[in-house]
Enquirer: 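Questions regarding the structure given below will be posed in turn.
Quick note: numbers below take in every heavy atom, side chains included, and nothing from hydrogens, waters or symmetry partners.
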Amino acid sequence: MNIYQVNTVFTPSTPARIAFVERKSINDKLVNALTTLGKQIVVYGHSGSGKTTLLVNKLNQVYESHITTRCMKGMKFEQIILDAFDQLATFFTSERTGAQKKTISAEISASYLALQSKVQANEVTEAGTKELRMVPPQLTGQALGRFIGASKSCWVLEDFHKIEESEKSKLSQLMKIFMDLADEYNDLKIIALGAVDTARQVVDYDPEMRNRVAEVRVDLMSESEIMDIIAKGEQVLNLIIPLKIKNLIARYSNGLASVCHHLCLYMCHAEGIHETCKTPFTMTKVSFETALKMYAEEASDSIRSTFDKALKVRRKSAFNNQEIILRALSTFKERGASRIEIYKKIQETTPSFPEKNTSNCLPKLLTQEYGEILRFDSNSGLYSFSDPIFRAFALVYFREELPPNGNLSEIMKQLTMELKKHFPRENVRVAIHKVSK
């Protein structure tokens with residue numbers, strides 16, 4: 001029996017390999033795009049839906065190697081280009097050995113090394129001020145494309161949606177250059193990953209690029225796919241997870257592979273399991289509840305921060321729109337509700353709440369400014385909490401305030417005080433007596 005470490009099987013923060021689940025419809029679309037000459041690719045979907053895992057596993061099947069640039073908020077496109085250029089150094093300055101060797105022409109290699117030395121030495125002094133240029137004029141998109149093409153790699157841009165809109169339009173121009181160079185370098189591609197709902201928000205295309213970019217949407221996983229993740233981990237770790245617990249994991253995962261990996265990992269931690277069991281070990285509901293508590297506690301600060309962002313009052317209004325909407329949405333099942341359904345639920349408690357407030361506020365709750373507390377599934381037209389734990393937290397956060405530990409005497413005391421505000425004292429005394437009995 002092979003021995004596997006638990007943290008290499010259930011990997012909530014890194015791409016899954018042992019517990020990787022093939023998703024045929026998406027896989028086929030991605031492989032077709034990867035093997036089409038000159039086709040540039042945008043992979044998009046919600047954070048935690050498995051975009052990176054899917055892409056990494058497919059790239060390992062199609063490419064010998066790839067370089068990855070992880071974009072950050074405020075990053076300039078020139079910085080992104082320079083990051084790719086820096087990562088190419090291993091292909092041009094290090095000797096590569098193995099069963100298969102990559103050969104890079106002496107001319108291309110010399111060109112890269114000469115340009116690299118210019119980048120390192122490119123310092124100018126103006127008016128007594130020392131400055132370092134981010135990207136020298138010689139490092140053009142065309143030159144970068146040749147270097148990446150010569151290394152027989154592709155270039156992955158993770159979280160490209162984080163950079164400014166003005167910078168995104170430059171990717172379209174670079175994709176056009178890479179597409180033209182694909183006739184000379186067949187493997188040359190840019191693959192942009194974006195955690196947003198539509199690819200148009202990731203890249204501002206040129207009209208001529210419309211049919212030359214493959215848009216691969218990674219939807220939330222189905223419950224059966226989440227079950228497959230659990231089953232793979234169960235098999236290699238010699239675990240027995242009862243069907244009822246699998247169903248609970250799938251329901252709380254809410255289509256997010258990362259949540260499933262978290263819960264399964266914490267279940268193992270709760271039972272002191274760190275590697276494949278010598279004999280079959282059966283998980284219990286207590287294991288699951290402990291895992292759920294561990295996940296909630298670990299995320300407590302970030303959950304509170306998300307709710308603070310979502311509920312922050314940004315300007316005076318007759319209604320606290322965000323709170324009213326989130327309170328209503330928390331009463332629906334994990335799958336969520338449509339805008340009309342949310343509005344109807346609000347009407348039950350706040351009849352005067354305007355419908356336009358719902359229409360205007362819901363899209364804001366999808367944005368980073370409001371903590372991205374909600375997500376929207378364009379296929380079903382449903383809004384839901386972006387993390388199932390957010391819904392669980394909302395149910396507690398918006399519950400009616402009760403005294404600590406539900407102390408009966410305190411409850412009765414508060415009830416008496418509230419009734420005295422509206423009814424004669426004798427009526428209150430009789431009512432309280434009946435409730436107490």
Side-chain angles (χ1 to χ4, degrees), residues 33-34 36-43 55 59 63 65-72 74-93 102 104-105 107-122 132-194 199-215:
L34 287 170
T36 302
L37 295 183
K39 183 77 80 173
Q40 308 304 299
I41 304 171
V42 175
V43 181
L55 180 61
L59 286 178
Y63 280 88
S65 61
H66 61 275
I67 62 174
T68 300
T69 296
R70 291 172 176 82
C71 303
M72 296 181 292
M75 214 172 185
K76 298 293 183 183
F77 195 69
E78 287 73 15
Q79 293 173 292
I80 294 172
I81 289 181
L82 190 59
D83 179 78
F85 180 76
D86 288 341
Q87 292 188 57
L88 287 168
T90 56
F91 296 100
F92 291 91
T93 61
K102 290 184 179 174
I104 299 174
S105 70
E107 182 182 351
I108 289 289
S109 184
S111 175
Y112 175 86
L113 293 173
L115 185 52
Q116 187 184 48
S117 65
K118 287 182 181 179
V119 171
Q120 292 172 346
N122 190 27
L132 177 66
R133 288 189 184 182
M134 271 299 182
V135 179
Q138 299 94 330
L139 184 50
T140 62
Q142 194 161 1
L144 180 62
R146 286 201 185 96
F147 295 143
I148 294 177
S151 68
K152 295 183 179 179
S153 304
C154 70
W155 185 20
V156 179
L157 298 178
E158 275 201 15
D159 295 333
F160 187 80
H161 62 282
K162 290 183 179 179
I163 72 171
E164 299 298 327
E165 287 293 328
S166 58
E167 302 296 311
K168 292 176 187 176
S169 61
K170 298 176 185 178
L171 176 65
S172 183
Q173 299 292 324
L174 192 59
M175 280 184 165
K176 176 67 167 60
I177 293 171
F178 273 48
M179 184 190 66
D180 293 339
L181 287 171
D183 188 44
E184 184 178 354
Y185 303 103
N186 294 343
D187 298 320
L188 188 60
K189 286 186 190 298
I190 293 176
I191 304 173
L193 266 70
R200 287 294 185 269
Q201 291 174 285
V202 180
V203 183
D204 182 16
Y205 301 123
D206 285 347
E208 58 183 304
M209 291 295 291
R210 189 159 296 161
N211 297 318
R212 300 177 182 182
V213 175
E215 300 174 6

Enquirer: Closest approach of Trp155 and Ile81, non-hydrogen atoms and distance?
Expert: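 The answer is CH2-CA, 4.2 Å.
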
Enquirer: What distance do Ile67 atom CD1 and Ile148 atom CD1 have between them, rounded to the nearest 0.5 Å?
Expert: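 So the CD1 of Ile67 and the CD1 of Ile148 are separated by 4.0 Å.
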
Enquirer: Could you tell me whether the side chain of Asp187 reaches within less than 4.5 Å of the side chain of Tyr185, counting heavy atoms only?
Expert: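 They are not in contact (no side-chain heavy atoms under 4.5 Å apart), so the answer is no.
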
Enquirer: Can you measure from CD (Glu184) to CZ (Arg146) and round to the nearest 0.5 angstrom?
Expert: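 Here the interatomic distance stands at 6.5 Å.
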
Enquirer: State, yes or no, whether a side-chain contact exists between Asp159 and Met75 at a heavy-atom distance under 4.5 Å.
Expert: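 Of all side-chain heavy-atom pairs linking Met75 with Asp159, none is under 4.5 Å.
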
Enquirer: May I ask you to test the Ile80-Ile163 pair for a side-chain heavy-atom distance under 4.5 Å?
Expert: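 Counting from C-beta outward, Ile80 and Ile163 do come under 4.5 Å.
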
Enquirer: Under a 3.5 Å distance rule, please check whether Gln40 uses its side chain to pair with a backbone N or O of Ile190 as donor and acceptor.
Expert: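 Yes: the side chain of Gln40 pairs with the backbone of Ile190.
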
Enquirer: Could you check whether any side-chain N or O of Lys189 sits under 3.5 Å from a backbone N or O of Lys39, counting only pairs where one atom can act as donor and the other as acceptor?
Expert: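 Flag set: sc Lys189 to bb Lys39 pair under 3.5 Å.
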
Enquirer: Can you see which heavy atom on Leu174 is nearest to which on Gly141, and at what distance?
Expert: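 Scanning both residues, the minimum pair turns out to be CD1-CA, 3.4 Å.
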
Enquirer: Nearest 0.5 Å, what's the CG-OG1 distance between Leu193 and Thr69?
Expert: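 Leu193 CG to Thr69 OG1: 12.0 Å, rounded to 0.5 Å.
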
Enquirer: Which heavy atom of Met175 sits nearest a heavy atom of Ile41, and at what distance?
Expert: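 Closest pair (atom of Met175, atom of Ile41, distance): CE-O, 4.0 Å.
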
Enquirer: Does the side chain of Gln142 come within less than 4.5 Å of Asp180's, by heavy atoms?
Expert: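 Sidechains of Gln142 and Asp180: no contact.
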
Enquirer: Kindly compute the distance separating OH (Tyr63) from OG (Ser151), expressed to the nearest 0.5 Å.
Expert: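 These two atoms lie 10.0 Å from each other.
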
Enquirer: Considering non-hydrogen atoms only, spot the tightest contact between Gly38 and Ala182 and give its length.
Expert: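 Residues Gly38 and Ala182, closest heavy atoms: CA-CB, 3.4 Å.
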
Enquirer: We want to know whether Gln79 and Asp83 form a side-chain donor-acceptor pair, criterion being a heavy-atom distance below 3.5 angstrom.
Expert: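 No, because no side-chain N or O of Gln79 sits under 3.5 Å from a partner of the opposite role on Asp83.
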
Enquirer: Return the orientation label for the Phe160 and Phe77 ring planes: parallel under 30°, perpendicular over 60°, tilted otherwise.
Expert: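 Taking Phe77 first and then Phe160, their aromatic rings stand perpendicular (interplane angle over 60°).
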
Enquirer: Should Ile177 and Leu144 count as side-chain neighbours, where that means a heavy-atom distance under 4.5 Å?
Expert: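 They are not in contact (no side-chain heavy atoms under 4.5 Å apart), so the answer is no.
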
Enquirer: Rounded to the nearest 0.5 Å, how far apart are CG of Leu55 and CG of Leu59?
Expert: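 Reported to 0.5 Å precision, the distance equals 4.0 Å.
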
